[in-house]
Amino acid sequence: MITIARLLGLPALASEHGQHVDQLIIYVHALMIVLFVGWLGFFAFALVRFRRSANPKANYFGVKSHASSYLEAGVALVELVLLAAVAVPFWARAVDKFPKPSESTVIQVVAQQFAWNVRYPGKDGIFGKQDMRWVTSENVFGVDPNDPAGKDDVQTLNEIHVPLVRNPDGEFKPVIVYSSSKDVVHSFKVIAMRVTQDAIPGMRIPVWFRPIREGRFQINCAQLCGNGHSSMSQGFLVVESQAAYDKWLASKTGAATSFE
Ligand SMILES: [Cu+2]
């Protein structure tokens, strides 16, 4: 599998579910190769079989058998099986296993033209109360300035850190990112984590992944959101040891924006 992934030039992988995404990409490529060779063979057959010298006069009646109708019904049946046996279980696995917030690193992201605002709940583990009416150009998360839970929240720009640590169940700690947008539709994409989620104004949509190795990974915006769209790739995600993460978060504590 690894060599095929390299052959296809698949990017570095750093999340647990990402291997299934890569496998699907590889299977789709294999299927496309089979289809390509098959159709190429049919094309060659048609060129020879229906060549002009063998068919000097056109046949105005065409095919009379129902073979092609049966073939089409067969294809539809196969696609139905793919949908029910592959696509739906794949989706269900991602949706059903949504991790508990108490056992995850929970982060909020608000995209804007052209950067990523990131918010952590701070030491108390609780995000300050938020409401649309508090949203201003400085207070992009709409945090209630009177809520004490928000006082220790940590806010950064274009920078997400998460710890690489195992939960008591032996699995790496998941990361839940709630994404939204301040202006237009953006899309939070971390290729190494194999996640992409549109960031839509007025909505808060979660996406989750389980990092499996340390590193510094680029964040991209996957929706063409304006002139500076490409500069949103300045965002990055750092996966690091718990100690390094704690140190980083502590260095940010108190830097939370005050909105009074
Ligand atoms: Cu964008």
Side-chain angles (χ1 to χ4, degrees), residues 9-18 21-22 24-25 91 94-95 98-99 101 104-122 127-128 130-143 150 153-163 174-211 214-240 245 248-249 252 255-257 259:
L10 294 181
L13 175 65
S15 76
E16 191 190 44
H17 79 276
V21 175
D22 287 5
L24 188 66
I25 290 172
W91 175 243
V95 176
F98 197 84
S104 314
T105 310
V106 183
I107 298 162
Q108 294 181 350
V109 168
V110 168
Q112 68 174 70
Q113 289 173 316
F114 298 97
W116 306 97
N117 300 280
V118 183
R119 196 167 178 93
Y120 287 83
F127 286 102
Q130 286 158 288
D131 197 281
M132 289 301 263
R133 65 199 166 96
W134 292 111
V135 175
T136 63
S137 52
E138 287 83 46
N139 186 1
V140 292
F141 288 89
V143 179
D153 289 9
V154 169
Q155 205 167 313
T156 62
L157 192 70
N158 285 338
E159 191 180 4
I160 300 178
H161 285 231
V162 295
V175 176
I176 304 174
V177 177
Y178 285 89
S179 61
S180 188
S181 170
K182 176 179 153 188
D183 36 50
V184 301
V185 176
H186 299 269
S187 187
F188 178 77
K189 185 181 189 87
V190 186
I191 293 170
M193 297 299 160
R194 304 292 191 271
V195 292
T196 306
Q197 173 59 57
D198 274 4
I200 302 167
M203 295 183 82
R204 184 181 291 165
I205 310 171
V207 71
W208 75 278
F209 53 91
R210 214 188 282 279
E214 291 185 15
R216 188 179 193 274
F217 308 104
Q218 193 176 49
I219 300 171
N220 293 86
C221 181
Q223 293 283 9
L224 189 54
C225 56
N227 278 342
H229 164 65
S230 62
S231 56
M232 293 188 79
S233 345
Q234 285 168 16
F236 60 90
L237 167 79
V238 174
V239 182
E240 60 195 0
Y245 169 74
W248 174 80
L249 203 62
K252 298 284 175 186
T257 328
F259 305 114

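Computed from a prediction, not measured in an experiment: that's the story for all the values here. Just so you know, ligand 1 is whichever comes first in the structure, and atom 1 is the first atom listed for that ligand. Throughout, numbering of the chain's residues begins at 1 and tracks the sequence.
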Rounded to 10°, how many degrees is the angle SG/Cys225-the Cu ion (ligand 1)-SG/Cys221? 120°
Is there a side-chain contact between Tyr120 and Gln155 (heavy atoms, below 4.5 Å)?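 No, too far: nothing below the 4.5 Å cut-off.
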Are any non-hydrogen side-chain atoms of Val185 and Pro201 less than 4.5 angstrom apart?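 The answer is yes; the side chains approach within 4.5 Å.
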Quick one: report the N, O or S atom of His186 that is nearest to the Cu ion (ligand 1). ND1
Quiz question: by atom type and distance under 3.5 Å, do the side chains of Gln234 and Gln218 form a donor-acceptor pair?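 Result is no, nothing qualifies.
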Just by distance, with hydrogens left out, do Trp248 and Glu159 show a side-chain donor and acceptor under 3.5 Å apart? yes
Using 2.8 Å as the threshold, say whether any N, O or S atom from Met232 sits that close to the Cu ion (ligand 1). yes
